[in-house]
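Accompanying notes for the structure given below.
Just so it is clear, the model here is predicted, and its values are computed rather than measured.
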Amino acid sequence: MIRVLIAGVGRMGFAHAKAAATFPDVEICGLVARNFEKWPHVTAEFPNARLYNDYKAALAEEKPDAVIISSYTDTHGLYSSLAMEAGADVFVEKPLGLTRREAGYTIAKARETGKKLVVGLILRHDAIWKKFIELARAQVPPITFTANCNQHSTGEEWQLHQDILDAGLSPLVDCGIHYIDVMNQMCDAEVTDIDTVGERQFDDIPTINNTKMTMKFSDGSIFNFESGFGPKIDPNNKPIRRIESKSGVITINENNTINNNGYIIRFSDQEYDKSILEQQKYFFTAIKEDINLEEHWISVALCHAMAFVAEEDMQII
């Protein structure tokens, strides 16, 4: 039996916990949150799990075999390292740290301890995105990949976004890591130039909340990405996921379809939920079969480094 501690029980933490609990050899032994009064549906789902407000105390008392971390972004690196030092394997949501150095240190800690460290790059486990990447790789370079992740938010959702911004991360890093990783799977060329602009739309929040980036590659490929958080983001802004090449245009559409030059490929409405389950399957398989995760860590390090470099070089308008 693999005893699992869940650190962070919000939307993603709860989803990961439910997915992990579907495996017959996994037991959710403990939950960590700052205030469980906000999460009665979570505690009801796992009535036998012990509740903790202190992460270090939970590690010391439960001595879990594995930890799933979906807590605040500024805790990801520290919580991962503490868990591995305590002898636990780790699944952690992106980003792996608030800086390139912290992300690299956390990967180094996995190598040092010999523990499994899986970072939640969910699009790698999503059937729609896997097909999209497959189709992109079939194109003759150069390609242009255009994507956005603009999130109009108010109320509790805006508070969540403010917490991310308060930790010092712009949407370019928090969201962009996923899409940079997608581009890295589509394109084997090297980055030659990164041009990033950011806008601070709120005087009381020091971090940029609206960003645009263009990344150019040695084979002529281009990656265009924009991402923003907050009530000033246009609520009518629609998702864009588009590949353009000499061969035509490939798009992911909101109705769970891919349009490949007019040929429609349909997917289940449950693909997102399946991808969460597939992430946990990947994590627990790595533990049980002692899979070498070096290739995963290299991919994680690369997309994090590219995102942080883009943020560091951002021109503020």
Exceeds 12 heavy-atom contacts within 6.0 angstrom, atom [atom1] of [X]:
{"X": "Lys288", "atom1": "NZ", "answer": "yes"}
{"X": "Lys212", "atom1": "NZ", "answer": "no"}
{"X": "Arg111", "atom1": "CZ", "answer": "yes"}
{"X": "Gln159", "atom1": "CD", "answer": "yes"}
{"X": "Asp204", "atom1": "CG", "answer": "yes"}

Are the side chain of [X] and the backbone of [Y] linked by a donor-acceptor contact shorter than 3.5 Å?
{"X": "Glu311", "Y": "Ser170", "result": "yes"}
{"X": "Asp89", "Y": "Ala66", "result": "no"}
{"X": "Thr192", "Y": "Lys216", "result": "yes"}
{"X": "Trp297", "Y": "Ala110", "result": "no"}
{"X": "His152", "Y": "Gly228", "result": "no"}
{"X": "Asn260", "Y": "Tyr263", "result": "no"}
{"X": "Ser221", "Y": "Phe217", "result": "no"}
{"X": "Asp65", "Y": "Arg3", "result": "yes"}
{"X": "Arg266", "Y": "Asn256", "result": "no"}
{"X": "Glu45", "Y": "His41", "result": "no"}

Which atom pair, heavy atoms only, marks the closest approach of [X] to [Y]?
{"X": "Asp163", "Y": "Tyr72", "result": "OD2-CE2, 3.2 Å"}
{"X": "Arg241", "Y": "Asn148", "result": "NH1-O, 2.6 Å"}
{"X": "Lys18", "Y": "Phe46", "result": "N-CZ, 3.9 Å"}
{"X": "Ala33", "Y": "Trp39", "result": "CB-CD1, 4.3 Å"}
{"X": "Ala127", "Y": "Glu271", "result": "CB-OE1, 3.3 Å"}
{"X": "Asp219", "Y": "Pro142", "result": "O-CB, 3.4 Å"}

Is there a donor in the side chain of [X] and an acceptor in the side chain of [Y], or the other way round, less than 3.5 Å apart?
{"X": "Thr144", "Y": "Glu244", "value": "no"}
{"X": "Asn150", "Y": "Glu226", "value": "yes"}
{"X": "Glu93", "Y": "His16", "value": "yes"}
{"X": "Asn259", "Y": "Asn253", "value": "no"}
{"X": "Arg124", "Y": "Tyr282", "value": "no"}
{"X": "Ser218", "Y": "Glu190", "value": "no"}
{"X": "Asp313", "Y": "Thr196", "value": "no"}

Any non-hydrogen side-chain atom of [X] less than 4.5 Å from a side-chain atom of [Y]?
{"X": "Val32", "Y": "Ile6", "value": "no"}
{"X": "Gln279", "Y": "Ile122", "value": "yes"}
{"X": "Arg242", "Y": "Val249", "value": "yes"}
{"X": "Ile68", "Y": "Val4", "value": "yes"}
{"X": "Cys303", "Y": "His178", "value": "no"}
{"X": "Lys274", "Y": "Asp126", "value": "no"}
{"X": "Gln162", "Y": "Phe229", "value": "no"}
{"X": "Val92", "Y": "Ser80", "value": "yes"}

Roughly how far, to the nearest 0.5 Å, is [atom2] of [Y] from [atom1] of [X]?
{"X": "Cys29", "Y": "Met1", "atom1": "SG", "atom2": "CE", "result": "11.0 Å"}
{"X": "Ile287", "Y": "Asp25", "atom1": "CD1", "atom2": "CG", "result": "9.5 Å"}
{"X": "Ile258", "Y": "Thr251", "atom1": "CD1", "atom2": "OG1", "result": "8.5 Å"}
{"X": "Leu121", "Y": "Ser275", "atom1": "CG", "atom2": "OG", "result": "12.0 Å"}

Could you state whether [X] and [Y] fall into the same hydrophobic cluster, counting links through intermediate Ile, Leu, Val, Met, Phe, Trp or Tyr residues with side-chain heavy atoms under 4.5 angstrom apart?
{"X": "Tyr55", "Y": "Leu78", "value": "yes"}
{"X": "Leu135", "Y": "Ile240", "value": "no"}
{"X": "Phe225", "Y": "Phe132", "value": "yes"}
{"X": "Tyr272", "Y": "Ile128", "value": "yes"}
{"X": "Ile164", "Y": "Ile180", "value": "no"}

Quick test of your reading of the model: are Lys94 and Asp181 salt-bridged, counting only N-O distances below 4.0 Å?
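Here Lys94 does not pair with Asp181 in a salt bridge, since their nearest N and O are not under 4.0 Å apart.
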Under-4.0 Å salt bridge between Glu157 and Arg11:
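So Glu157 pairs with Arg11 through a salt bridge.
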The test is side chain to side chain contact (heavy atoms under 4.5 Å, CB included); show your working for Lys246 and Val140 and say whether it passes.
CA-CA 7 Å; Lys246 295 177 182 178; Val140 176; 5.7 Å; no
Might you work through the side chain to side chain contact (heavy atoms under 4.5 Å, CB included) test for Ile143 and Met186, ending with a clear yes or no?
CA-CA 9 Å; Ile143 63 171; Met186 292 177 173; 4.0 Å; yes
Six-ring centre of Phe202, Lys232 cation under 6.0 angstrom, axis tolerance 45°
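Because its charged atom sits under 6.0 Å from the ring centre and within 45° of the axis, Lys232 does stack over Phe202.
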Does the Lys NZ or Arg CZ of Lys281 fall within the cation-pi geometry relative to Phe283 - under 6.0 Å from the ring centre and within 45° of the axis?
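Here Lys281 fails the 6.0 Å and 45° test against Phe283.
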Using side chain to side chain contact (heavy atoms under 4.5 Å, CB included), reason through Thr211 and Val197 one step at a time and then give a plain yes or no.
CA-CA 6 Å; Thr211 64; Val197 295; over 6 Å; no
Identified side chain to side chain contact (heavy atoms under 4.5 Å, CB included) partner of Thr73 from the options Leu165, Leu96, Asp174
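So the option named by the test is Asp174.
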For His304 and Phe308, take the angle between the two ring planes, folded into 0 to 90°, and tell me which bin it lands in: parallel under 30, tilted 30 to 60, perpendicular over 60.
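Rings of His304 and Phe308: tilted, as their planes differ by 30° to 60°.
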Would you check, one step at a time, whether the test salt bridge (charged side-chain N to carboxylate O under 4.0 Å, His left out) holds for Arg100 with Glu312?
CA-CA 11 Å; Arg100 281 183 283 168; Glu312 291 162 9; 2.8 Å; yes
Step by step, work out the side chain to side chain contact (heavy atoms under 4.5 Å, CB included) result for His296 and Val119.
CA-CA 8 Å; His296 173 68; Val119 179; 4.0 Å; yes
Run the ring-ring contact (aromatic ring centres under 6.0 Å, His included) check on Trp129 and Tyr179 step by step: do they pass?
CA-CA 10 Å; Trp129 281 92; Tyr179 298 94; 5.7 Å; yes
